[in-house]
Amino acid sequence: LREKGLVRELVHRIQLLRKEAGFEVTDRIVLGYRADSPLGEVLVRNRETIAAEVLALEVKPTLAGDYELQQKVKIEGDAVVFGLSRTTYPKGA
């Protein structure tokens, strides 16, 4: 149950970052992250669920590359840095 709560909080925080970046509700994104905490493990185990909830076409465990927004968030004392960029639908979608 604790992990499900963390997943919900991660999704909530990413959604707030989307809003802060000025993304449209329907914009697809690339989501990068850096987490040296248990949150990184939660992100890995729940990658598909989080991607579906935040409309991420890719979820990368790195911040290499250019992101429209990068921000550090703390959840229950653990930190994770997220990078978000808009992207387009894959061809054929």
Side-chain angles (χ1 to χ4, degrees):
L1 287 178
R2 182 176 187 279
E3 185 158 320
K4 285 186 181 189
L6 287 173
V7 170
R8 279 194 305 273
E9 186 61 23
L10 286 164
V11 167
H12 174 70
R13 296 292 183 92
I14 295 165
Q15 297 289 38
L16 289 174
L17 293 174
R18 286 175 56 97
K19 184 176 180 180
E20 183 178 323
F23 296 173
E24 296 294 325
V25 174
T26 57
D27 283 342
R28 300 299 194 250
I29 66 168
V30 172
L31 175 67
Y33 67 91
R34 183 179 67 236
D36 299 325
S37 66
L39 289 177
E41 295 170 18
V42 172
L43 281 157
V44 168
R45 285 192 299 269
N46 297 278
R47 176 187 199 131
E48 290 179 16
T49 300
I50 292 168
E53 290 289 327
V54 302
L55 301 180
L57 296 180
E58 293 181 65
V59 179
K60 303 185 221 179
T62 179
L63 290 176
D66 293 327
Y67 290 97
E68 293 177 58
L69 175 75
Q70 278 193 37
Q71 190 166 330
K72 181 179 186 178
V73 298
K74 283 193 155 195
I75 299 173
E76 294 187 6
D78 290 326
V80 60
V81 180
F82 287 113
L84 287 78
S85 288
R86 282 175 276 220
T87 189
T88 56
Y89 289 97
K91 291 183 179 188

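Note that the structure is a prediction, hence the values are computed from the model and not measured. Numbers for residues simply follow the sequence, beginning at 1.
The side chain to side chain donor-acceptor pair (under 3.5 Å) search around Arg45 returns Glu3, not counting sequence neighbours. With sequence neighbours left out, the side chain to side chain contact (heavy atoms under 4.5 Å, CB included) criterion links Arg47 to Val59, Pro61. The salt bridge (Lys or Arg N to Asp or Glu O under 4.0 Å) search around Glu20 returns none, not counting sequence neighbours. Legend: residues meeting side chain to side chain donor-acceptor pair (under 3.5 Å) with Arg34, ordered by chain and number and at least two apart, are absent. With sequence neighbours excluded, the residues satisfying side chain to side chain donor-acceptor pair (under 3.5 Å) with Glu9 are Arg13. Among residues two or more places apart in sequence or in another chain, the side chain to side chain contact (heavy atoms under 4.5 Å, CB included) test is passed with Glu24 by Thr26, Asp27.
A continuous path of Ile, Leu, Val, Met, Phe, Trp and Tyr side chains, each step under 4.5 Å between heavy atoms, connects Val44 with Val11, placing both in one hydrophobic cluster.
Under a 3.5 Å cut-off, the side chain of Arg18 and the backbone N or O of Val54 do form a donor-acceptor pair.
Interatomic distance, Ile50 CD1 to Leu10 CG, rounded to the nearest 0.5 Å: 5.0 Å. Atom-to-atom distance recorded for Leu6:CG and Leu43:CG is 9.5 Å, nearest 0.5 angstrom. Note that the CG atom of Leu39 and the CZ atom of Phe82 stand 7.5 Å from one another [nearest 0.5 Å].
Other residues sharing a hydrophobic cluster with Val25 under the 4.5 Å side-chain heavy-atom criterion for ILVMFWY residues do not exist; the residue is a singleton. Alongside Leu63, the hydrophobic cluster contains Val30, Tyr67, Val81 (criterion: ILVMFWY side chains under 4.5 Å).
Applying the side-chain hydrogen bond (donor to acceptor under 3.5 Å, both in side chains) test to pairs two or more places apart or on separate chains, none has a residue in residues 48-61.
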Please list every donor-acceptor pair under 3.5 Å in which a side-chain atom of residues 73-80 meets a protein atom from a residue at least two apart or in another chain.
residue, atom, partner, partner atom, Å
Glu76, OE1, Arg2, NH2, 2.6

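The nearest pair of heavy atoms linking Leu17 to Leu69 is O-CD2, 3.4 Å.
Looking at Leu84 and Glu68, their side chains never come closer than 4.5 Å, going by heavy atoms from C-beta outward.
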